[in-house]
Amino acid sequence: MRKNYETKLWGGRFREGEDKLMEEFQNNYTETLWLLQSDIIGSKAHVKMLVKCEILTEEEGTTILKGLEAIEEDLKENKLDLDGDYEDVHTFVELDLLNRVGDVAKKLHTARSRNDQVNLDMKLYVREQLKAVMGSLNGLLSSLEQTADENPWLMPGYTHLQRAQVVTFKYHLMAYHSMFSRDLRRIQDAYKSLTESPLGCGALAGTTHEIDRQYTADLLGFDTVYSNFMDGVSDRDFILEALADFSILMMHLSRLSEELCLWTSAEFGFVTLDDRYTTGSSIMPQKKNPDAAELVRGKTGRVYGNLMGLLTVMKGLPLAYNKDMQEDKEYFYDSLNTTIQCIDIMERMISTLKARPENMKKAVKKGFLNATEVADYLVKKGMAFREAHSIVGQIVIYAEDNEKAIEELSLEELSKFSDVIDNEIYTYIDYENILNKGIKKEML
Ligand code: ARG
């Protein structure tokens, strides 16, 4: 730990140092070490711009740049001495640079504030990490597609969690494929909208130096710069947008998790999860619990919480930067890691699950899943749908009383309800055939 120099970037106007408790309270250095790389990347661009604008000499620029590159190298190789009570990562980088290149390091922060700096760091980090989320999502999408293709089995579709109409397991899984495709599109949109560079906005009111904001924007891969300095230092919309996208995505993961919990229960018995993603009980030897699915469902709460947390932090803030905004980092970092972990674990559960088509078929046969098709059949014979609906209702009561499925009733029994019914009805309401009719073919 380095102790023998000033560890604050703002000590000048203070007669006394911070109270220890105050220091612990406001420092966020150890919590945000993951921002180090972005901070260095941003500083490298800033120093190049200062040289271009002749605010620093070539020589000063080269020395600072080499120092920053050395820090970056050590960071990559895990050789950086990160111990110490730094206020934040910006303080660490500046003091580490001072240690390496001497007093010229003190020129790095010309025409820059930590307020534009930290927002730049976050933008660079969010941009990088959204790519990671997209990568994980693409993995989940292909697993869903593959597992769906391998499992074309008939299964009951539900409304109100009551058996409703026949669908296939494949089609059910592909509904989630559609949801996650929308999530991917949303995250791509969030990525594409990271167009403005905050650097140069200064503390809130730009700078008296003739800097070139567009130059740093170009170096860092942004299309443009913030048109308003005050907005540029206090915009956290891009973080909120990511958190909102993660929340919707987690909602989808949570719904799928809930289905997995239901499907693996003995009551459904539609799916067996791979042992690797389940756990046992310390007392009940027979138990196999869908913990991974339950945890995904549970962790959705914290991702929602982080979104609500940051929205609440932001809602009462006057322009421009306020220290409250420092809270954005942990919310984002936690949601990011939770979301990626949940996508990845879901991908594994989906790619290794075993469907149990026999149980799905049994469930299809119980619960009058072809009742709507009996009504459709009567409509084809010329009856009004509302009338057909009522007649089939009567048939269902009769079948239920006699503990039979509709297709198990004889023609004689069925004809009592309507004289338009003939033998054709049995093929019409056969579960396999149902999916070959009308637009239901789209489900195959
Ligand atoms: N640690 C601060 C943050 O995370 C950096 C910006 C500090 N700015 C300031 N004016 N104190 O937001």
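First listed ligand is number 1; within each ligand, the first listed atom is number 1. Start at 1 with the first residue, then count along the sequence.
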* Asked: Which is it for Leu204 and Leu319 under the side-chain contact (heavy atoms from CB on, under 4.5 Å) test, yes or no, and what are the steps along the way?
  -> CA-CA 9 Å; Leu204 77 164; Leu319 290 175; over 6 Å; no
* Asked: How about Phe268 and Tyr158: are their ring centroids closer than 6.0 Å?
  ->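 Judged by ring-centre distance (under 6.0 Å), Phe268 and Tyr158 do meet the cut-off.
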* Would a line drawn from the ring center of Phe270 to the ring center of Phe169 be shorter than 6.0 Å? ->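 Ring centres of Phe169 and Phe270 not closer than 6.0 Å.
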* Classify the angle between the aromatic ring planes of His172 and Trp263 as parallel (below 30°), tilted (30 to 60°) or perpendicular (above 60°). =>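 Geometry flag for Trp263 against His172: perpendicular rings.
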Can you list the atoms of ligand 1 that are under 4.0 Å from a heavy atom of [X]?
X      : answer
Asn28  : 1 (N), 4 (O)
Tyr321 : 2 (C), 3 (C), 6 (C), 7 (C), 8 (N), 9 (C), 10 (N), 12 (O)
His90  : 5 (C)

* Asked: Of the choices Gln326, Arg114, Met122, which has the non-hydrogen atom that lies closest to atom 11 (N) of ligand 1?
  ->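 Checking each option, the heavy atom nearest atom 11 (N) of ligand 1 is found in Arg114.
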* Test the Arg127-Phe222 pair against the cation-pi criterion, namely NZ or CZ under 6.0 angstrom from the six-membered ring centroid and within 45° of the ring axis. =>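 That pair qualifies as a cation-pi contact.
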Heavy-atom distances under 4.0 Å are what count here, so tell me which part of [X] touches ligand 1: side chain, backbone, both or neither.
X      : result
Glu87  : neither
Thr32  : neither
Lys329 : side chain

* **Protein heavy-atom partner closest to atom 8 (N) of ligand 1 - residue, atom, separation in Å** =>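 Among all protein heavy atoms, the one nearest atom 8 (N) of ligand 1 is Asn115 OD1, 2.9 Å.
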* Test side-chain hydrogen bond (donor to acceptor under 3.5 Å, both in side chains) applied to Gln165 and Thr372, Asn370, Thr159, the passing residue ->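 Only match with Gln165 under side-chain hydrogen bond (donor to acceptor under 3.5 Å, both in side chains): Thr372.
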